[in-house]
Structure formats: structure tokens, C-alpha cells
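Data block below; observations after.
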Amino acid sequence: SLRHKTVLSALSCPACSRQIPIFPSIPVVAASMSRPPPPFTPQNPTPAPRPGGQSPSSTLPASFSNLQISRAPPPFASVGPPQGDGPVPSSIRGPQAPPPGARPFPGSPSPPGSLFACPAPSVQQSPPFGAPPAAQSLQQQRPPFNGPPPVLPAQVQRAPFGGPPAASQPLPYGGPPAAVSQLAPFGVSPVAAAQSAPLGAPRYSAAQPPQFSGLSGAVSRPSYSGGSIPPFGAARAPSQQGPYGGPPQFGGERPGLQTPLFGAQTAPASQPPPFMGVRGANAPAFGPPGWQGQTRPAASSEFIVKDTGNCSPRLMRCTMNQIPCTGDLLTTSGMPLAIMVQPFALPHPSEEAIQLVDFGEMGPIRCSRCKAYINPFMRFVDQGKIFICNLCGFSNDTPREYLCNLGPDGRRRDADDRPELCRGTVEFIATKEFLVREPMPAVYFFLVDVSMNAIQTGATAAACSAISQSLSDLPEGPRTMVGIATFDSTIHFYSLKRAQQQPLMLIVPDIQDVYTPLQMDLILPVSECRDSLEQLLESIPSMFENNRVADSAFGAAMKAGFLAMKPTGGKLLVFQSVLPSVGTGSLSARETEGRSNISSGDKEAHKLLQPVDKTLKTMALEFAEYQVCVDVFLTTQSYTDVASISVVPSTTGGRVYYYFPFSALSDPAKLFNDLRWNITRPQGLEAVMRVRCSQGLQVQDYSGNFCKRVPTDIDLPAIDSDKTIMVSFKHDDKFQENSECGFQCALLYTTVYGQRRIRVINISLPCTSMLSNLFRCADLEAQFTYVVKQAANGIPSSSLSQVRDQVTSTCINILQSYRQYCASVSSSGQLILPEALKLLPLYTLALTKSIGLRNDGRLDDRSYWVSIVSSVSVSLAVPLVFPRMIALHDLTSRDDEDPLIPNPLTLNSENIQDNGIYLLENGEDGFIHVRNAVNPATLEQIFGFSSLAGAPNLLVLEQFDNVLSRKVNEVVNEIRRQRCSYLRLRLCQKGDPSG
């Protein structure tokens, strides 16, 4: 029928109807690692190579000049290699050697020039950034997230942060986990343990201590000796990849394994980072029994966590570090009770990897009543035969294979040798009962807008260039698959089979009832189609350069991409440039109506921040059901109705990237780096998450980017290191004074290597009946994150004035409760603030003036702000509304020994000089404010021009041959590294409009 007719190898010109052959000039050539130069200039040109082509390892790079952290060697690293050729069996899985041709999972970006990478720590000397690590330091490298690390000596192997299990030989890619030997029961000598052992505990010989120890302070931490690490975005040595924002250099040697760099942030000057002391000192451990008297470190500070029972505060953070015994006490305080869960938060480079435990076919030990997983807070009694759940209090029989005698302190004698009994965060290998189907492969499907506006603004060329440069960052191996389609008023699929002489275009004209033209060959393993895909991406901008179709079938294209991915699931990455105007999910311009409503004070103006209808929401629910995650890159210069479009990413676990107004000069670098980080950051697929808590509390609500079908669980087609889920609680019973309240987050997910895992995160907090304790142990940043998220949730359903009043009332109620019940008698005119929340009024004022809550501003800007806040982390919520200001004009007066980023200035006019230049950054954008009396020579040094007349608003910061320019670039690149975001830089002067 006409509906199923496809056009092969030819394109009908929309202007003249002439048939144009597809790829007439693309020959089929052998695989080549060379690539034509990209159409965009690198952000930071590479300096002249040094003699020998190597960067000196003796110099500490600028981006790490202020970071001296302590690093523990692998436990018992001094012990000689084990005798014999056999592996050391253990239920604590060590890393598995990579299959031929495989490389680390992009969670710890290891390609040269990859994002946020740091060298493998070594007590001797670290290799240059992006270069292969030296053989002698290989044993002390931390394994990457979800990637197979190098083969380490058996006595120092450790389960990687999400890496595949260990085996004596590399398993076939995607093959079954290796068998795990059993452990000797308690009381049997370690040497005899080679014959039998209970499941789950480590086995070792007398000459070889166990590779894991939960004892605090058991290993001293030598100082971290730095190799050469360039700043985030600075130029690299010739042997490394191109500058951040520029194209990766192909044909070079791929590096060894590297650790993802912790996105630390500088605390406000008025808030010294808790627990920091001298840089390089050991951070305190969190966990039983003695941490309750401490306050957790601020999320904006830099700290190192030693997990001794309570999880890292990066992974899970509560709004208060003591739980009120009753709901009335919580209501009286005015404070919220919620936890912020960021399951894949980036660790500090000096922290130990999360341990991987395999219980075999038996599966992890769980409470029979509430199904909570075994954790350090469960108590064993009756000689270890019974364990009592810390959440529901139920007494469970200990499985026979898991029995162990108790010591004089009432703890199991093997507790310190079992990660699940001494670590707050641990991962379990999921058994068959957790598998609904075979684990999904890593699938990436790209949708590129080729409508007239996208072609003319350069958005299509920028998208194709970014995709082409990011292909090398996809996880390699036969489980990684890729596909691509373009769209305007029709949808164009491409068959990339290697056997074909050239890619075939298959056009789908029906955009009301879309379909896929082929059942196969639209999504192929990247190893089979990479050459064809690179040729296609190079040709797309020229193929459509004369396209005069202005319409965009955005919704229909997403539906078509989903149909192609439906059998497997995966990530759908959409590059959109105009308002969707035709086909399923088409939208209409509402911006003009929005301006008139806001200016007239219309009470219903907030409805324009809601989706226009339920079409895209219904589509998103179907996507989530089949494990398809959608990320949308909006490269636009006009209104695109972000409120409606963002429904799809927020429901499927993705996010919106917003480039307005898109500039072909400055934004391709950000687009490329955003796409690369999207691919390479730590992430899990087809995930399900549930949070459990102690009896006396119950989960009230979840908030974030997910799909919720049942009350207790949330479905996440994908979840990554940038996503945070907020979980709020309410009392349904009373707690006893000085009792413990436990929280447990269980995340079932699939790695890109196809292994099903369960990440379990635990925290236990003391309960109190004293209101003063609640205020003393309040977490400012977590509470403010709660307020920001609640405000964002209310924006589409309430007027802005109501949301602002609600935010202000929340702050007033908290401070009034403290003054009324906790403060000593004082005059009515004196402001009394709790020490832990003394900055809450300042942050609240900043929130009311933010893009989301102020009256002026575009609808799309406000909708984008809401979409960002819905999944923002605790560490980024404060700077999003209360930015950091840094003086750039006087950086030359600072010594090289000073911290790379100067102390931020207080946001008031007294700190602004008429001859100054200031950087104001909020994690998303960077505003460079130039005062009127700035010395032209300073402008020339930083920007390359002596006058701002005619200077572009969107800035491309280049590095010139002077000290000030170098230091400004170092500061900007370090901020980009900290924020895990490539800031868009904008020039602004006094008198410019605030919007």
C-alpha cells in the first residue's frame, strides 16, 4: 500500500520535487582513524608541544594545584604476590579483566581528554592526564564505574565502583559471572578454608590477609602525589586528546583506567567546610557507633568519607540529622523531613570503591516481613541464629549458610570481613528472581532536526559534529548498539549495514500514525556501523543545506525512534531546534499569550507553564514502560514550549538541555561536552528504586525525574550521577527517645555490560524528643533543596505570588518556632537564628528573586528552570539560586600556592569595584560582569579586545600568552570541572537588562 512505501537511495527535493541520489560522493573505504577537522574552532587551542611530546609529570597542573588529598594504598599492598596461578576466591567480587577490545565504562571517563578525569593515584608518580598508566602504578588504580578494570594482583583486587565481577580468566563479553568459591565456617583455619566455606565471606591464606577490612584507621594514607592534570577545558599535551570543547584526536593510544573526579565545590566564605582542617588530612568516618554526636559535612565542602556503616552523605542526605520522636514535634519545628537520594553520586578520588557481593543462587539476605536487605544495623542474637531487622523489628532465622558465632561485643566475628555487615553502601549481584527479561544492552538512538531553521542556524551541523566526536566515548563491545534518524515534516531512517555500499535513507511520510520501515538493521552494534555512521554524520548538513521545510514533526519522530528501540529499550537523544508544528504531539506558540497574561496580572497565567495536553505525557509513559530514556537538546532561537516538551524527559529519567539563544560560534563546544558527559557519566539502565524506613515513619511522596506506577516503587529507564530523588516522610507512630531510625534505599539496575545489580544505601539516625536537638542537627543545604523543589513543583499549578508567599512562610515558620521554643528571652526587635540555619533567610530571598519565581522573564526560561530543579542535587541547589562571585581582574596578585579558585565574594555592592571584572556562576551559566572603569589593557589581556563596543554577548573564552589570561582560563575550567557542566559564558555590563 502507499502507506508502507519507502524510498531507497534517493531524496525528493521539497522545493522542486527533483530526485536527488543519496551519498553520491561517499565511497566505501576501509576503517580509518583519521577524521576531517570539525567545522568549529576548539574552545582552547592546544599549546606548542614540548620536546619529546610528553607533558612533564613533575609539575602539578593548575586545576589541581590547590588539591592535596590523602590516598590509601590498596589493603595489604605490601604483601607479595600470591603463590600459584589460581585466583583468590571471594564472595566480594574483584574486578574482571576486560574482554578484547573493551574499555572502561564511561562513568569514569578515560579516553584522552574525557570529562572530569583524573590520573590513577600512585604513591610514586602519576601518569600524565589521559595517558596510559605506568605498569608499576597499575595495581593502585581505582577501577572505573561499570567498566572492566585492569587485571590487578589478586591480593589488591577490589570490586570496582560498578564494575564487572572478577574471574580467573576474562569471560566472554556479556558472559555469565564466574563461579565463586565458598568460605570456611567460623572457627575453621584460613588455610583449610580452601575446601569449604559459607557463602558470602572472603577466603584467604595465612600468608595472605583478606583484601577487605572494615576496621577504621587500619591503613595509613600516604600523600597523593600528583601527575600532570590539565584544567577542565585547558589544552593538553600532544600525546593527549584535544582541548575541552574541541574535537578528540583520533588514532591515538587509548589510556588506562582513570577515576571519575569528584565534583567538589567551594563552601561559602561564611561557612568553613566542616571536617576539612588541613587539606590532605583524613576525613572522619561515618557510621556506628560514634558519629551521632557530629554534624555531617556541608554538601558544598570537600570531604572524604570512610564508610563504617552509614553511607556517604553524597549518596543519601537527610534534612535533619536527628529524627523527631513524634509527628507533633516535627510539625512544631516547621522543618521538613525528607531525604535526598543520589545513588550514583561521584565519589571523591580518595574514597574506597563500593564493594560488590555475590550470594549466588540464594540471593542477598533479606527480612522476611519488610524485605529490607541485610545491613550493618541489623542485630544478630541467639549465637547468630536470629537476626532482627532494624526497620520493622521482625526476628528472622539466619540461613544455615550464613551462620557465624558472635563475639564478646555481640557482633558477628566476621562482620568486618563482610561488606554488607560493615558498609553503609554495598552492591549485590541480582539473582534470577530480579530478572523479568534478559538485561538490556546499551542502545543509543540519535534524532536530529534538519528543518530549515535548524540548518540555517548551524544547529544541525553542531549536532552532527557532537555526535561524531562522541562516538569514541560509547562503551565498546557487541552489547553497545547505535542508530540514527533525521526529521523535518517527515522522518528519515538510515540503514547502516556494513555490507551496503552506502547508507540507505528510508523515508516515513506518515507522521500521524508512524511506523518503522524495517524490522532490523536500523539499530546495529557500533562496531559494525561506525564507519558508515561517521560518513553519514559528515554528509547530513550538506544533504539538507537547501531544505526549505520549516515544519518539525518532533513528537512523531520520537514515536518512530521509540518503535525502533522498543524491543531493547535504551537512550533516545533528540536534537530539536524549533517549535514542533506537525504530526503527533504538535504544539502552538503560547509565548505571546503568556506575556500579556503576566503583564496584566492574570491569575491563570501559570497554566501556560503546564503541558498543553496529555499527548506527550501518554507517549512518555509508554516510553518508560519499555525502558526508553529520552534526553532533549533544544538548540533554539525562539519559543519552543519547554513546559510541554520537558514532560517526556522528566517521565523517562532524562533531562532537557537548553541553548537559548543558540549561537553557532560559542554553543557547539557546550553541546559537544554536554553530550559526551551524558554518555560517559556513571549511570544505570532499566532501574527500579524503593526507599524503606523504620516503623514509625512512612514514605509520603517521591519527587524527581521518574515514572511511578505503584505507590511503593519508582521506575527509572535510566539514572545517572547527576540525578537526585527527593523522598518525603510522615509519622504514623512514635519513636522512643534515643532509639534509632533507619532508612534504606534499594536500587535495582542494569550496567551497560548487561549485569543486573542491587545497590543498597543505608543510614541510621538517632531519635530525639528535644526541639533544640532538631535545630542543632538540621542540614541547611538539604532543607533548602527541599524548599526549592517544592517551589518548582508548585509553579505550574499556582500563581507566582502564591509560590513566593509559600516559600517565605516556610522560612518564617522555622525561625519563629526556634525563637519561640528554643531561644532565650530577648527583645522583640532582635533577629535570632539557629546556628545551623543562619543562612536560610538569605537563600530564601535569593530563591524569590530567581528565574523561576520572579515575574519578568520568558516562559521557556521558567519552564527550563523547573525542569532542572526537579532532579538537581543538594550540592548544586544553593548555587543555582545563590551564585558564586569571583574577582578576575586581580588574579595575578595571587601566589601559585594559593587555592586555584579565590574565595567567593559576598553578593553585595560593597565588594564590586568600578575597575573590576567579576565572574558570577550558578552551575549552568557564567556571567562575566565588566565594570565601566576597567583598564583597557586588562580587557586586552583577558578577551583580546580593548573595548566592549561590538563585543558579542555569548563569549568564547580564549587563552592568550599572558599570565592573567592563563589564570582566568584555569579558574573557569576548574569551575566547569567542579560543576560537571560546561558553563555558557556571557558578557554583561552595568545597565544591561537583568533578563
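Residues: numbered from 1 along the sequence shown.
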Check your understanding: Between Arg590 and Tyr639, does a side chain to side chain contact (heavy atoms under 4.5 Å, CB included) hold up when you go through it step by step?
Key -> CA-CA 8 Å; Arg590 300 189 290 172; Tyr639 173 76; 3.6 Å; yes

Check your understanding: Can a donor-acceptor pair be found between the side chains of Arg681 and Ser721 at a distance below 3.5 Å?
Key -> no

Point to revise | Least distance between heavy atoms, Ile491 atom then Ala556 atom | key: CD1-O, 3.5 Å

Review point. CD1 of Ile645 to OG1 of Thr640: how many Å apart, nearest 0.5 Å?
Key: 5.0 Å

Review point. Is any side-chain heavy atom of Phe623 less than 4.5 Å from a side-chain heavy atom of Thr651?
Key: no

Check your understanding: Got a second to check how far Lys708's NZ is from Ile714's CD1, nearest 0.5 Å?
Key -> 8.0 Å

Check your understanding: Got a sec, which residues hit side chain to side chain contact (heavy atoms under 4.5 Å, CB included) with Cys529, two or more places apart in sequence or on another chain?
Key -> Val482, Leu496, Leu524

Review point. Just checking, is any N or O donor in the side chain of Tyr494 or Thr486 under 3.5 Å from an acceptor N or O on the other one?
Key: yes

Practice item. For residues Ser470 and Ile679, report the shortest heavy-atom separation together with the two atoms involved. Key: CB-CD1, 4.0 Å

Exercise for review: Compare all side-chain heavy atoms of Cys707 with those of Leu621 and state whether any distance is below 4.5 angstrom.
Suggested key: yes

Review point. Taking side chain as C-beta onward, heavy atoms only, is Lys617 less than 4.5 Å from Pro611?
Key: no

Review point. Are the side chains of Phe706 and Ser870 in touch, meaning some heavy atoms are under 4.5 Å apart?
Key: no

Review point. Considering all heavy atoms of both residues, which atom of Ser863 and which atom of Ala643 are nearest to each other, and what is their separation?
Key: OG-CB, 3.4 Å

Review point. Taking the side chain as C-beta and beyond, is there a heavy-atom pair between Val630 and Met558 under 4.5 Å?
Key: yes

Review point. Do Gln535 and Ser539 have side-chain N/O donor and acceptor atoms under 3.5 Å apart?
Key: no

Exercise for review: Only one of Ile719, Thr751, Asp722, Asp720 passes side-chain contact (heavy atoms from CB on, under 4.5 Å) with Gln683; say which it is.
Suggested key: Asp720

Point to revise | Polar side-chain atom of Lys789 near backbone of Gly704 as donor-acceptor pair, under 3.5 Å | key: no

Exercise for review: Could you check whether the rings of Phe344 and Tyr749 sit parallel, tilted or perpendicular, using 30° and 60° as the cut-offs?
Suggested key: perpendicular

Review point. Hey, does Cys745 have a side-chain heavy atom less than 4.5 Å from the side chain of Met689?
Key: yes

Review point. Is the backbone of Leu685 close enough, under 3.5 Å, to the side chain of Gln627 for a donor and an acceptor to pair up by distance?
Key: no

Exercise for review: Over all heavy atoms of both residues, which pair between Ala792 and Val869 is shortest? Give the atoms and the distance, please.
Suggested key: CB-CG1, 3.5 Å

Review point. Is a donor on one side and an acceptor on the other found under 3.5 Å between the side chain of Arg479 and the backbone of Met440?
Key: yes

Revision key, fill the gap. With sequence neighbours left out, the residues meeting ring-ring contact (aromatic ring centres under 6.0 Å, His included) with Phe743 are Phe729

Check your understanding: Between the side chain of Ser581 and the main-chain N/O of Ser552, is any donor-acceptor distance below 3.5 Å?
Key -> yes

Point to revise | Gap separating the NZ atom of Lys371 from the CZ atom of Arg692, nearest 0.5 angstrom | key: 9.0 Å

Review point. Any sub-3.5 Å donor-acceptor pair from Tyr444's side-chain atoms to Val526's backbone N or O?
Key: no

Point to revise | Side-chain heavy atoms of Lys571 within contact of Asn678, under 4.5 Å | key: yes

Practice item. Tell me yes or no: between the side chains of Thr635 and Ser577, is some donor less than 3.5 Å from an acceptor? Key: yes

Exercise for review: Without swapping roles, check the side chain of Lys723 against the backbone of Ser871 for a donor-acceptor pair under 3.5 Å.
Suggested key: no

Review point. Between Asp715 and Arg709, is there a donor-acceptor pair closer than 3.5 Å when you use the side chain of the first and the backbone of the second?
Key: no

Revision key, fill the gap. CG of Asp641 to CG of Leu859, rounded to nearest 0.5 Å, is 8.5 Å

Check your understanding: Taking atom types as modelled, is there a side-chain donor on Ser451 or Asn453 under 3.5 Å from an acceptor on the other?
Key -> no

Revision key, fill the gap. Closest non-hydrogen contact found for Tyr702 with Val691 is OH-N, 3.2 Å

Check your understanding: Which heavy-atom pair separates Thr636 from Tyr658 by the least distance, and what is that distance?
Key -> CG2-CE1, 3.9 Å

Review point. Taking Gln342 for the side chain and Thr724 for the main chain, is one N or O donor matched with an acceptor at less than 3.5 Å?
Key: no

Check your understanding: Does a sphere of radius 6.0 Å around NZ in Lys614 hold more than 12 heavy atoms from other residues, nucleotides or ligands, not counting ones at 6.0 Å or beyond?
Key -> no

Review point. Going through the checks in order, is the side chain to side chain contact (heavy atoms under 4.5 Å, CB included) test met by Leu716 and Leu747?
Key: CA-CA 10 Å; Leu716 299 143; Leu747 179 73; 4.1 Å; yes

Practice item. Give the intermediate values and the outcome of side chain to side chain contact (heavy atoms under 4.5 Å, CB included) for residues Leu634 and Phe660. Key: CA-CA 8 Å; Leu634 289 175; Phe660 176 86; over 6 Å; no

Review point. Does Lys432 offer a backbone N or O that forms a donor-acceptor pair with the side chain of Arg756 under 3.5 Å?
Key: no

Study note, to complete from the structure: Output for pair (Asp701 CG, Gln790 CD), nearest 0.5 Å, gives 8.0 Å

Study note, to complete from the structure: dist Leu608:CG -> Asp860:CG (nearest 0.5 Å) comes out at 11.0 Å

Practice item. Carefully, step by step, assess Asp449 and Phe554 under the rule side chain to side chain contact (heavy atoms under 4.5 Å, CB included). Key: CA-CA 8 Å; Asp449 185 358; Phe554 168 77; over 6 Å; no

Exercise for review: Check step by step if side-chain hydrogen bond (donor to acceptor under 3.5 Å, both in side chains) holds for Glu538 and Ser468.
Suggested key: CA-CA 8 Å; Glu538 183 181 354; Ser468 180; over 6 Å; no

Point to revise | Any side-chain heavy-atom pair of Thr584 and Met619 under 4.5 Å | key: yes

Review point. Relative to each other, are the rings of Tyr659 and Tyr657 parallel, tilted or perpendicular (30° and 60° limits)?
Key: parallel

**Study point:** Backbone of Val450 reached by a side-chain donor or acceptor of Asn547 within 3.5 Å
**Key:** yes

Review point. Are there more than 12 heavy atoms of other residues, nucleotides or ligands under 6.0 Å from atom CD of Glu622?
Key: yes

